[in-house]
Amino acid sequence: MSEFENQADTAAENTPVGDLSPVESISNSGMSTPSNKDDRDDVKEYVEEDPQIIAEIPKKPASAYVTVSIMCVMIAFGGFVFGWDTGTISGFVAQTDFLQRFGQHHSNGKHYLSKVRMGLIVSIFNIGCAVGGIILSKLGDIYGRKIGLITVVVIYVIGIIIQIASVKAWYQYFIGRIISGLGVGGIAVLSPMLISEVSPKHLRGTLVSCYQLMITAGIFLGYCTNYGTKNYSNSVQWRVPLGLCFAWALFMIGGMTFVPESPRFLVEVGRIDEAKRSVAMSNKVSVDDPAVLGELETLQAGVEAEKLAGNASWGEIFQTKTKVLQRLIMGSMIQSLQQLTGDNYFFYYGTTVFTSVGMQDSFETSIVLGIVNFASTFVGIFLVERYGRRTCLLWGAATMTSCMVVFASVGVTRLWPNGKDGEASKGAGNCMICFTCFYLFCFATTWAPIPFVVNSETFPLRVKSKCMSITQGCNWLWGFLIGFFTPFITGAIDFYYGYVFMGCLCFSYFYVFFFVPETKGLTLEEVNTMWEEGVLPWKSAEWVPPSRRGENYDVAEMAKDDKPLFKRMFGRK
């Protein structure tokens with residue numbers, strides 16, 4: 001047993017259990033794993049009894065965190081890989097060489113992709129991502145987050161090789177997209193997870209949001225590359241964008257060699273000295289700083305509790321007493337609703353959509369949308385820590401609803417004044433593009449980055465990879481459904497499709513209000529405590545962690561609310 005384990009055990013044994021208020025609240029939630037509960041309680045008591053032994057890691061000026069920010073951006077570069085695919089595939093399906101090789105042709109000799117084939121080629125990537133997220137994310141638990149990320153990037157590259165080697169058989173390209181999707185699915189789970197575990201708590205939301213920033217950068221540059229290759233008449237149109245994926249993969253693998261491993265994983269496998277260095281590097285303090293030792297002792301106590309409870313089974317994620325199931329449902333809904341906002345309706349089929357509204361060069365329009373999406377994400381990175389996760393999600397749902405109403409209404413009533421066989425109205429088309437840009441601004445600043453942030457900090461370490469893989473799998477599943485069925489739906493109802501997304505956005509607002517708590521400024525352990533205490537989401541911004549509570553703090557008050565519904569939603573907080 002290490003020196004730090006001895007300190008934590010000694011502190012836990014010598015601390016009176018009855019003095020800690022969270023014990024009562026946790027026991028009231030009916031936890032089914034007493035050993036896990038007891039260990040966490042011991043740590044909290046230790047922190048409260050002698051705050052000088054376990055010191056708070058101090059905040060430093062922003063300039064002190066440049067190094068850790070760069071490292072987190074390298075980890076987040078996995079999002080660029082996904083964004084690049086989204087941005088390029090939307091152009092591939094409209095390029096002449098791609099259509100000649102993998103499409104069918106009309107009696108007049110014109111090549112095209114059938115709705116089924118287009119839907120499969122575009123959306124099967126998401127199925128690969130869903131499977132990869134659930135299966136390959138386990139690598140992060142076995143070999144560490146870094147090795148896991150490097151492995152899934154290699155799998156992604158194998159899929160790219162299969163796609164580039166495709167000559168005429170569309171199903172070969174199809175298989176390549178599935179395999180590259182497996183790799184991206186693993187990246188989507190492990191990247192936000194590693195960032196959340198190595199970043200300082202007051203920067204966690206901002207740094208996890210960098211994953212979404214990289215997605216938008218990939219989409220934008222993918223659009224630009226399509227525009228640059230569209231005038232070629234051969235396979236350069238699509239093979240060059242695919243070939244650049246090798247550069248992105250090598251950059252990410254090289255960058256991963258400089259980032260620290262998750263201290264939580266290192267503690268779990270007994271590499272304490274490395275865990276000390278990881279915590280110290282992330283928080284810009286010395287290895288022997290008392291705050292580093294305190295952080296490690298907290299992590300060790302939690303890990304020991306996990307080990308005493310045994311290996312986490314898949315059945316454990318469905319337990320209600322520890323609030324894991326409630327968290328899983330919330331995370332899955334948030335990730336599903338992110339897709340149901342309708343963002344990929346524009347990203348996957350942007351060129352096709354804007355051709356239908358009368359744009360002469362839909363590739364140029366896609367670049368404009370990519371710029372708006374990318375630039376707006378910088379605003380979202382600021383907002384997530386300034387106003388919190390919950391507030392941003394609520395405002396995002398409300399504003400996107402307004403934009404989608406205008407987009408769909410203009411498309412339905414004004415786009416074709418003389419019928420679909422006539423010429424499209426240029427004014428109506430410009431209006432739709434304008435409100436699409438407003439919509440993307442609202443999406444990129446709120447619902448694009450924040451679901452990743454919420455899920456990366458919601459689940460206990462014991463079941464974190466399993467829960468994150470399931471929630472991300474829900475995101476990929478809905479991405480597949482939207483990608484596959486959009487050609488059929490738009491062919492049947494055109495821009496009435498926007499009203500479907502509008503309804504989903506309205507639902508999103510109410511779901512966030514009633515089920516998504518605020519986690520801004522809390523450590524991952526404090527987020528876990530808040531869930532176990534059953535804090536009502538609309539009161540979560542007022543919740544105080546055990547280590548900062550006064551004598552008059554009422555824990556039970558946070559778990560009940562007798563106000564009428566309209567006062568809960570519109571009354572002063």
Side-chain angles (χ1 to χ4, degrees), residues 79 83 86 192 204-217 219 330-347 369-408 434-458 471-472 474-475 478-479 482 498-521 537-538 540-541 569-570 573:
T86 302
R204 189 173 62 239
T206 297
L207 295 177
V208 173
S209 296
C210 287
Y211 179 79
Q212 178 62 29
L213 177 66
M214 290 293 103
I215 292 178
T216 59
I219 293 173
M330 185 276 291
S332 300
M333 285 296 297
I334 288 294
Q335 289 286 14
S336 299
L337 291 171
Q338 185 194 50
Q339 287 288 345
L340 290 171
T341 59
D343 61 304
N344 280 337
Y345 169 57
F346 298 108
F347 293 145
L369 297 184
I371 292 173
V372 172
N373 188 36
F374 178 55
S376 300
T377 306
F378 285 97
V379 180
I381 288 176
F382 165 76
L383 294 178
V384 68
E385 287 297 350
R386 177 67 176 81
Y387 297 104
R389 292 72 162 133
R390 179 180 161 84
T391 301
C392 289
L393 289 174
L394 290 171
W395 275 103
T399 52
M400 283 191 290
T401 300
S402 304
C403 293
M404 194 62 79
V405 168
V406 175
F407 175 86
C434 180
F435 273 90
T436 298
C437 290
F438 286 146
Y439 165 89
L440 289 179
F441 172 80
C442 298
F443 174 76
T445 54
T446 57
W447 278 83
I450 294 177
F452 296 110
V453 177
V454 171
N455 276 312
S456 70
E457 58 193 15
T458 292
T471 59
Q472 195 63 48
C474 292
N475 185 283
W478 279 105
I482 292 171
Y499 292 125
V500 175
F501 295 123
M502 182 202 72
C504 294
L505 286 164
C506 288
F507 173 78
S508 299
Y509 182 92
F510 289 97
Y511 186 84
V512 170
F513 182 86
F514 287 108
F515 296 102
V516 180
E518 182 56 71
T519 53
K520 169 190 166 187
W538 56 92
S540 56
M569 296 193 66
F570 304 110
K573 301 295 186 292

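These figures come from a predicted structure and were not determined experimentally.
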Quiz prompt | From Lys520 atom NZ to Glu457 atom CD, the distance as rounded to the nearest 0.5 Å | solution = 12.0 Å
Quiz item: Measuring from Cys442:SG to Met404:CE, what's the distance to the nearest 0.5 Å?
Solution: 10.5 Å
Quiz item: Taking all non-hydrogen atoms of both residues, which atom of Phe501 and which atom of Ile482 are closest, and how far apart?
Solution: CE2-CD1, 4.3 Å
Quiz item: Between Pro517 and Phe515, which heavy-atom pair has the shortest distance, and what is it?
Solution: CD-O, 3.5 Å
Exercise. Could you check Gln212 against Ile450 for side-chain contact (heavy atoms from CB on, under 4.5 Å), going step by step and ending with a plain yes or no?
Key: CA-CA 9 Å; Gln212 178 62 29; Ile450 294 177; over 6 Å; no
Practice problem: May I ask you to test the Thr519-Val453 pair for a side-chain heavy-atom distance under 4.5 Å? | Solution: no
Exercise. Locate the shortest heavy-atom distance separating Pro451 from Leu393; write the atom from each residue and the value.
Key: CD-CD2, 4.4 Å
Exercise. Could you tell me the separation between the CH2 atom of Trp395 and the OG1 atom of Thr446, rounded to the nearest 0.5 Å?
Key: 12.0 Å
Practice problem: Check whether any side-chain heavy atom of Ser508 sits under 4.5 Å from a side-chain heavy atom of Leu340, and report yes or no. | Solution: no
Self-check item: The single option from Val512, Leu505, Asp343 passing side chain to side chain contact (heavy atoms under 4.5 Å, CB included) against Trp447
Solution: Val512
Quiz prompt | Nearest non-hydrogen partners of Leu213 and Thr377, listed with the distance | solution = CA-CG2, 3.4 Å
Exercise. Flag the pair Phe438 / Phe435 as yes when their ring centroid distance falls below 6.0 Å, and as no otherwise.
Key: yes
Exercise. May I ask you to test the Val454-Met330 pair for a side-chain heavy-atom distance under 4.5 Å?
Key: yes
Quiz item: Could you walk me through whether Gln338 and Asn475 pass the side-chain hydrogen bond (donor to acceptor under 3.5 Å, both in side chains) check?
Solution: CA-CA 7 Å; Gln338 185 194 50; Asn475 185 283; 2.6 Å; yes
Quiz item: Does the side chain of Gln472 come within less than 4.5 Å of Asn455's, by heavy atoms?
Solution: no
Practice problem: Take the angle between the ring planes of Tyr439 and Phe443 and call it parallel below 30°, perpendicular above 60°, tilted in between. | Solution: parallel
Quiz prompt | Distance, nearest 0.5 Å, that separates CD1 of Ile371 from CD1 of Ile219 | solution = 13.5 Å
Quiz item: Taking side chain as C-beta onward, heavy atoms only, is Phe513 less than 4.5 Å from Arg390?
Solution: yes
Quiz item: Thr401 and Tyr509: side-chain contact (heavy atoms from CB on, under 4.5 Å), yes or no, with the steps?
Solution: CA-CA 9 Å; Thr401 300; Tyr509 182 92; over 6 Å; no
Quiz item: Is there a side-chain contact between Phe507 and Met333 (heavy atoms, below 4.5 Å)?
Solution: yes
Quiz item: What's the spacing between Leu394 CG and Thr399 OG1 if we round to 0.5 Å?
Solution: 10.5 Å
Quiz item: Do Val516 and Pro537 come within less than 4.5 Å of each other through their side chains, counting heavy atoms only?
Solution: no
Quiz item: Between Thr445 and Ser376, which heavy-atom pair has the shortest distance, and what is it?
Solution: CG2-O, 3.1 Å
Quiz item: For the residue pair Phe514 and Trp538, does the interplanar ring angle fall in the parallel (under 30°), tilted (30 to 60°) or perpendicular (over 60°) class?
Solution: perpendicular
Exercise. Working to the nearest 0.5 Å, report the span between OG of Ser209 and CG of Leu383.
Key: 9.5 Å
Self-check item: Sub-4.5 Å side-chain heavy-atom contact between Gln335 and Trp478
Solution: no
